[in-house]
K.L.:
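Pasting a structure below so you can have a look.
Bear in mind the structure is a predicted one, so any value in this text is a computation, not a measurement.
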Amino acid sequence: MHKYYLNNLQELEAEAIFIIREVVAQFDRPAILFSGGKDSIVVTHLAKKAFWPARIPLPLIHIDTGHNFSETMEFRDQLVKDLGVQLIVGSVQESINKGSATEETGINASRNTLQIVTLLETVEKHKIDAAIGGARRDEEKARAKERFFSHRDEFGQWDPKNQRPELWNIFNGRKNMGEHFRVFPISNWTEMDVWNYILHEKISIPSLYFAHQRQAVYRDNTWLPHSEFLVLRDGEKLENKQMRFRTLGDITITGGIESDADTLEKIVAEVAATRSTERGNRGDDKRSDTAMEDRKKQGYF
């Protein structure tokens with residue numbers, strides 16, 4: 001009798017696809033949170049496989065801060081066109097204009113935290129009851145506390161001390177009026193798993209992940225890319241660097257690393273050799289030791 005074995009990536013893929021299908025089965029208006037980063041791209045690819053040959057029956061939600069990399073926006077628009085899916089855009093600038101969010105000021109000003117307001121407004125406006133995200137437990141200690149099905153109360157907030165058990169892959173999606181869930185199908189994946197899967201599946205990703213020449217300034221142990229939003233401090237100067245980004249967020253807070261990894265094979269080799277955390281170059285996580293958990297409690301991704 002022929003025996004069929006799954007390798008590690010196949011097991012992770014099967015688990016993620018099962019969870020995505022479970023979301024569609026349990027919820028009325030689910031959606032995929034799409035940032036244009038590698039993790040949300042992988043989740044979207046998994047959703048494509050989960051429902052093939054039909055189209056993805058979920059809209060993509062992108063929270064546009066107005067401080068995105070242009071390469072990310074171009075990639076997002078092309079992917080939506082190729083997949084033929086609905087794109088819902090929540091605008092942080094609109095939240096600022098109507099007074100529900102307040103623009104930060106100062107040399108370290110960022111719109112990262114402001115995304116919370118816009119995300120919750122978008123979820124409420126479109127009556128989303130399950131938002132599928134690409135967060136992984138290995139990224140950050142707060143994300144390590146998440147369940148696959150992560151309950152959010154009527155204010156969109158997360159209580160890490162009050163989570164539901166998930167024994168034997170049984171997921172409880174019951175909720176009261178106004179509540180919703182965040183769901184993380186690739187929670188058990190590592191950064192290396194993601195890159196190996198991208199390589200194996202030949203998934204297209206933004207050029208920002210590959211080594212390229214870019215002007216940047218060295219600040220807080222990372223290379224911050226030059227942009228119209230970057231304010232140089234006294235003594236700082238821009239340098240031309242061969243660099244790439246391990247994780248993508250706003251251009252104001254996403255630091256790069258010096259690298260010559262310009263192919264997927266080289267990226268996999270580089271990630272295998274590195275000993276630094278993936279989000280170590282994100283300015284939003286350096287504001288305090290509990291920065292991510294504080295944001296997540298308020299309704300962050």
Side-chain angles (χ1 to χ4, degrees), residues 15-44 46-47 50 56-63 65 88-90 92 112-166 169-189 194 247 249 279 284-285 290-301:
E15 177 183 64
I17 287 176
F18 168 73
I19 292 169
I20 292 171
R21 288 172 175 166
E22 190 72 11
V23 170
V24 173
Q26 287 200 38
F27 297 95
D28 297 320
R29 296 183 64 85
I32 296 174
L33 296 174
F34 187 82
S35 67
K38 66 184 185 307
D39 300 311
S40 63
I41 292 170
V42 165
V43 169
T44 304
L46 289 164
I56 298 174
L58 311 167
L60 303 186
I61 293 179
H62 180 235
I63 303 303
T65 64
I88 297 172
V89 178
V92 170
N112 184 262
T113 304
L114 275 61
Q115 293 181 89
I116 298 171
V117 174
T118 307
L119 172 59
L120 295 179
E121 289 176 342
T122 304
V123 166
E124 182 178 5
K125 177 181 177 181
H126 294 276
K127 295 180 171 55
I128 303 299
D129 56 359
I132 302 173
R136 310 186 322 271
R137 294 189 178 114
D138 81 319
E139 285 184 275
E140 205 274 342
K141 57 183 179 293
R143 286 182 166 168
K145 299 178 181 179
E146 290 274 21
R147 298 287 195 266
F148 282 113
F149 275 38
S150 186
H151 177 261
R152 296 298 193 270
D153 65 20
E154 65 271 27
F155 302 105
Q157 297 178 332
W158 172 62
D159 182 358
K161 296 181 179 180
N162 183 25
Q163 299 190 74
R164 300 175 181 181
E166 294 180 339
N169 279 351
I170 297 175
F171 304 111
N172 181 359
R174 294 184 64 182
K175 63 189 184 308
N176 296 318
M177 181 77 69
E179 299 175 346
H180 72 279
F181 278 78
R182 306 287 172 80
V183 182
F184 306 107
I186 62 172
S187 283
N188 286 337
W189 297 42
V194 170
T247 178
R279 290 184 65 94
D284 48 332
D285 289 348
T290 59
M292 173 64 82
E293 183 161 332
D294 293 341
R295 295 198 306 274
K296 286 182 72 64
K297 287 178 180 178
Q298 297 172 46
Y300 191 70
F301 300 95

K.L.:
Suppose the criterion is salt bridge (Lys or Arg N to Asp or Glu O under 4.0 Å): which pairs have a residue in residues 15-32, not counting sequence neighbours?
P.N.:
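For residues 15-32, and leaving out neighbouring residues, there are no salt bridge (Lys or Arg N to Asp or Glu O under 4.0 Å) pairs at all.
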K.L.:
Is any side-chain heavy atom of Leu58 less than 4.5 Å from a side-chain heavy atom of Val23?
P.N.:
no
K.L.:
Under 4.5 Å between any side-chain heavy atoms of Arg182 and Leu119, yes or no?
P.N.:
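Contact flag for Arg182/Leu119 side chains = yes.
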K.L.:
Which atom names give the shortest non-hydrogen contact between Gly134 and Val43, and what distance separates them?
P.N.:
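Closest approach of Gly134 to Val43: CA-CG2, 3.8 Å.
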K.L.:
CD1 of Ile19 to CG of Asn169: how many Å apart, nearest 0.5 Å?
P.N.:
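One gets 6.5 Å once the value is rounded to the nearest 0.5 Å.
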K.L.:
Does Phe149 have any ring-ring contact (aromatic ring centres under 6.0 Å, His included) partners at least two apart in sequence or in another chain, and if so, which?
P.N.:
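With neighbours one apart ignored, the set is Phe27, Phe171.
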K.L.:
For residues Ile61 and Ala31, report the shortest heavy-atom separation together with the two atoms involved.
P.N.:
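Nearest pair, atom of Ile61 first, then Ala31: CD1-CB, 3.7 Å.
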K.L.:
Does the side chain of Ile132 come within less than 4.5 Å of Phe184's, by heavy atoms?
P.N.:
no
K.L.:
Could you report the tightest heavy-atom contact between Pro30 and Pro59, atom names first, then the distance?
P.N.:
O-CD, 3.4 Å
K.L.:
Just so I know, are the side chains of Glu124 and His180 near enough to count as touching, which here means a heavy-atom distance under 4.5 Å?
P.N.:
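Not in contact.
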K.L.:
Between OG1 of Thr122 and CD1 of Ile63, what distance do you get to the nearest 0.5 Å?
P.N.:
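Answer rounded to 0.5 Å: 4.0 Å.
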K.L.:
Of all heavy-atom pairs between Gly36 and Ile41, which one has the smallest distance, and what is that distance?
P.N.:
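Answer, listing the atom of Gly36 first, then Ile41: O-CD1, 3.5 Å.
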K.L.:
For Lys175 versus Asp129, what's the shortest heavy-atom pair and its separation?
P.N.:
CE-CB, 3.3 Å
K.L.:
Quick check against the 3.5 Å criterion: does Thr118 have a side-chain atom that pairs as donor or acceptor with the backbone of Gly90?
P.N.:
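No: the side chain of Thr118 does not pair with the backbone of Gly90.
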K.L.:
Tell me, do Thr65 and Leu114 make a side-chain contact under 4.5 Å, heavy atoms counted?
P.N.:
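Counting from C-beta outward, Thr65 and Leu114 never come under 4.5 Å.
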K.L.:
Apply side-chain contact (heavy atoms from CB on, under 4.5 Å) to residues Val194 and Arg136 and explain how you reach the verdict.
P.N.:
CA-CA 10 Å; Val194 170; Arg136 310 186 322 271; 3.7 Å; yes
K.L.:
As a quick check of understanding, evaluate side-chain contact (heavy atoms from CB on, under 4.5 Å) for Gln26 and Val183, giving each step before the final call.
P.N.:
CA-CA 12 Å; Gln26 287 200 38; Val183 182; over 6 Å; no
K.L.:
CD of Gln157 to CZ of Arg152: how many Å apart, nearest 0.5 Å?
P.N.:
10.0 Å
K.L.:
About how many Å separate CD1 of Ile128 and CD1 of Ile32, when rounded to the nearest 0.5 Å?
P.N.:
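Here the interatomic distance stands at 11.0 Å.
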K.L.:
Testing the basics here: between Leu33 and Gly133, what is the closest heavy-atom pair and its distance to 0.1 Å?
P.N.:
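So the two residues come closest at CB-CA, 4.4 Å.
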K.L.:
Just by distance, do the side chain of Arg147 and the backbone of Arg164 share a donor-acceptor pair under 3.5 Å?
P.N.:
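Yes, the answer is positive, given that a donor and an acceptor are paired below the 3.5 Å cut-off.
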